[in-house]
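Here the structure is laid out as structure tokens; the discussion comes afterwards.
Both ligands and their constituent atoms are indexed starting at 1 by order of listing. All residue numbers in this chain count up from 1 along the given sequence.
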Amino acid sequence: MEIIKVNASKEYDVVIGGGILSSIGERCVSLFGKARALIVTDSNVAPLWLEKTKASLESAGIATLEFIFTAGEDSKSKETLFELLEFAAENRITRSDFAVALGGGVTGDMTGLASSLFLRSIPFIQVPTTLLAAVDSSVGGKTAVNLTAGKNLAGAFYQPSLVLCDTDTLSTLPDCEFANGMAEVIKYGVIFDKELFDKVQNGDVKSDIEKIIARCVELKRDVVAKDEFDCGDRQLLNFGHTMAHSVEKCSDFGIAHGGAVAIGMVIAAKASYALGWSDEDCTEAIINTNKNNNLPVECEFSPRMLADAALSDKKRSGGSINFVVPKKIGECILKKIPVEDLYKIAEYR
Ligand code: NAD
Ligand code: GLY
């Protein structure tokens with residue numbers, strides 16, 4: 001078992017290990033006393049992991065209620081968010097109670113935002129059940145839902161009180177979802193850690209997944225501690241994401257976030273080298289690593305479609321954006337570029 005302490009506006013532990021879901025009850029009692037738990041989960045995760053979660057909470061003396069929504073990115077919406085808020089109100093959830101986000105990034109992002117809004121904030125914990133949520137979305141306090149104009153446009157920084165990552169939950173994850181999570185792992189390798197990148201480049205990762213998750217969480221912890229509110233270094237975590245958000249949007253969310261990040265990293269690496277911003281051409285290493293981890297490396301959308309979609313992305317500030325450039329594997333920098341350069345970058349799709 002690994003325990004990583006995050007130091008942000010709230011201090012909390014990220015606990016990672018096999019079988020630890022059965023300890024959720026006692027951990028929550030020590031954090032919140034015998035409060036009520038509002039468990040939020042989706043229609044895929046509920047039949048797999050809800051009973052175990054409830055059983056542990058209830059045997060520790062915590063009463064539970066559950067809100068189950070239809071699985072998928074479409075549910076990361078203002079409609080589901082407000083259904084959840086109404087559900088909490090109808091059930092008289094108080095500030096002494098807490099929410100449990102049991103699921104992937106969609107569940108975690110929406111539950112975190114609802115927790116920040118309900119009664120002007122109730123505590124919540126993250127129980128990531130996808131690799132993507134384990135290595136990225138459950139840690140660091142970014143919460144959001146999507147708006148019609150784009151992803152994550154309505155959100156808040158709101159830290160959880162605990163992240164409990166039971167690696168056994170990954171056993172039920174479809175292969176394509178495991179691959180989506182690997183895109184974020186590869187991303188950490190390119191930005192910060194060549195050793196991590198080398199470790200995952202042949203795709204043989206499952207036997208060492210606890211250590212791999214822990215390494216990603218340490219890297220995220222360090223950057224969140226420096227820049228919780230995303231004004232500087234945290235933006236490095238957006239490597240591959242400028243074009244990824246466009247790919248998701250152009251595919252009408254048919255291409256999942258992880259797959260889109262995989263494609264976005266290839267475009268960013270190719271463009272950065274061609275435009276003279278990188279020291280090394282990282283493209284081949286990223287393409288091979290993506291392929292070995294069952295991730296896509298290209299998309300069918302035209303450069304114009306991708307650039308137009310990127311222009312509506314929230315990272316645009318005035319006439320410029322911070323684009324993440326890989327100098328070499330293990331080192332990225334932020335480069336302020338005029339938004340028009342998005343058209344040049346998209347040419348390398
Ligand atoms: P997701 O939550 O939709 O989960 C992917 C799929 O896996 C869903 O169908 C879900 O029902 C299913 N699933 C989850 N756990 C399972 C399990 N153990 N067994 C079987 N099926 C399971 O998506 P995701 O890939 O986890 O997260 C993507 C979302 O996270 C996007 O909305 C993205 O914007 C967001 N995100 C947020 C941050 C952040 O910092 N907050 C970072 C990265 C991504
Ligand atoms: N996933 C990007 C961030 O947390 O900043």
Exercise for the section: Would you kindly specify which portion of Asp109 sits under 4.0 Å from ligand 1, judged on non-hydrogen atoms: side chain, backbone, both or neither? Expected result: side chain
Handout entry: Flag side-chain contact, heavy atom, 4.5 Å: Leu57 against Ile24
Key = yes
Problem - Protein heavy-atom partner closest to atom 44 (C) of ligand 1 - residue, atom, separation in Å - result: Leu132 CD2, 3.5 Å
Practice task
Would you mind listing which atoms of ligand 1 come within a distance below 4.0 Å of any non-hydrogen atom of Gly104?
Solution key: 2 (O), 26 (O)
Handout entry: Side chains of Glu58 and Thr64, donor plus acceptor under 3.5 Å
Key = yes
Practice task
Identify the protein heavy atom lying closest to atom 1 (N) of ligand 2, giving its residue, its atom name and the separation to 0.1 Å.
Solution key: Asp136 OD1, 3.0 Å
Practice task
Look at the rings of Phe32 and Phe98 and say which category their plane angle falls in: under 30° parallel, 30 to 60° tilted, over 60° perpendicular.
Solution key: parallel
Practice task
Check whether any side-chain heavy atom of Leu65 sits under 4.5 Å from a side-chain heavy atom of Phe87, and report yes or no.
Solution key: yes
Handout entry: Numbered atoms of ligand 1 (with element) below 4.0 Å of Lys151, judged on heavy atoms
Key = 31 (C), 32 (O), 33 (C), 34 (O)
Handout entry: ligand 1 versus Asn152: contacting region, heavy-atom distance under 4.0 Å
Key = side chain
Practice task
Give yes or no for whether the N/O distance cutoff of 3.5 Å, strictly under, is met between Asn238 and ligand 2.
Solution key: no
Problem - Heavy-atom check, side chain of Ile213 versus side chain of Thr167, under 4.5 Å - result: yes
Problem - Where at least one partner belongs to residues 226-243, residue pairs that pass salt bridge (Lys or Arg N to Asp or Glu O under 4.0 Å), sequence neighbours excluded - result: Lys142-Asp230, Lys226-Asp233
Practice task
Flag the pair Gln201 / Asn288 as yes when at least one side-chain heavy-atom distance between them is below 4.5 Å, and no otherwise.
Solution key: no
Practice task
Could you list which atoms of ligand 1 come closer than 4.0 Å to a heavy atom of Glu177?
Solution key: 5 (C), 6 (C), 7 (O)
Practice task
Compare all side-chain heavy atoms of Val6 with those of Val163 and state whether any distance is below 4.5 angstrom.
Solution key: no
Exercise for the section: Indicate whether the side chain of Ser171 and that of Asp168 have a donor and an acceptor atom separated by less than 3.5 Å. Expected result: no
Practice task
Check each heavy atom of Leu48 against ligand 1 and say whether those closer than 4.0 Å belong to the side chain, the backbone, both or neither.
Solution key: side chain
Exercise for the section: Output yes when Arg221 and Glu218 qualify as a salt bridge under the 4.0 Å nitrogen-oxygen rule, no when they do not. Expected result: no
Handout entry: Shortest protein heavy-atom distance from atom 22 (C) of ligand 1, along with the residue and atom involved
Key = Leu173 CD1, 3.6 Å
Exercise for the section: Quick one: pull up NZ in Lys220 and OG in Ser137 and give me the separation to the nearest 0.5 Å. Expected result: 7.0 Å
Exercise for the section: Go through ligand 1 atom by atom and flag the ones less than 4.0 Å from a non-hydrogen atom of Ala71. Expected result: 11 (O)
Handout entry: Single-linkage hydrophobic cluster Tyr348~Val339, side-chain heavy atoms < 4.5 angstrom
Key = yes
Handout entry: Where ligand 1 meets Asp42 - atom numbers and elements under 4.0 angstrom, heavy-atom basis
Key = 10 (C), 11 (O)
Exercise for the section: Heavy-atom contacts with Lys76 under 4.0 Å: which atoms of ligand 1 show up? List them by number with element. Expected result: 31 (C), 32 (O), 33 (C), 34 (O), 35 (C)
Exercise for the section: Could you tell me whether Lys142 approaches ligand 1 through its side chain, its backbone, both or neither, with non-hydrogen atoms closer than 4.0 Å? Expected result: both
Completion exercise
A student comparing Val106, Thr41, Val139 should find that the heavy atom closest to atom 1 (P) of ligand 1 comes from Val106
Handout entry: Protein contact of atom 21 (N) of ligand 1 - nearest heavy atom, named by residue and atom, plus distance
Key = Pro174 CD, 3.8 Å
Exercise for the section: May I ask you to identify the nearest protein heavy atom to atom 24 (P) of ligand 1, giving residue, atom name and distance to one decimal place in Å? Expected result: Gly105 N, 3.5 Å
Problem - Numbered atoms and elements of ligand 1 in range of Glu73, under 4.0 angstrom, heavy atoms - result: 31 (C), 32 (O)
Exercise for the section: Identify whether NZ of Lys or CZ of Arg in Lys206 sits under 6.0 Å from the centre of the six-membered ring of Phe178 and within 45° of that ring's axis. Expected result: yes
Problem - Test item: Ile337 and Trp277 side chains (from C-beta on) under 4.5 Å apart, heavy atoms - result: yes
Problem - Contact with ligand 2 for Asp230, non-hydrogen, under 4.0 angstrom - result: no
Handout entry: Nearest option to atom 43 (C) of ligand 1, as decided by whichever heavy atom of Asn180, Asp136, Leu237 sits closest
Key = Asp136
Exercise for the section: Starting from atom 19 (N) of ligand 1, locate the nearest protein heavy atom and write down its residue, its atom name and how far away it is, to 0.1 Å. Expected result: Thr172 OG1, 2.7 Å
Problem - Close side-chain approach of Val200 and Ile186, heavy atoms under 4.5 Å - result: yes
Problem - Part of Ser137 within contact of ligand 1 (heavy atoms, under 4.0 Å) - result: both
Completion exercise
Filtering Lys220, Lys187, Glu228, Glu184 for the heavy atom nearest atom 4 (O) of ligand 2 leaves Lys220
Completion exercise
atom 13 (N) of ligand 1 sits nearest the protein heavy atom Val45 CG2, 3.8 Å
Problem - Contact with ligand 1 for Lys220, non-hydrogen, under 4.0 angstrom - result: yes
Handout entry: Protein contact to atom 4 (O) of ligand 1 [nearest heavy atom, distance to 0.1 Å]
Key = Thr130 CG2, 3.6 Å
Exercise for the section: Among all protein heavy atoms, pick the one closest to atom 9 (O) of ligand 1 and tell me residue, atom and distance. Expected result: Asn44 ND2, 3.0 Å
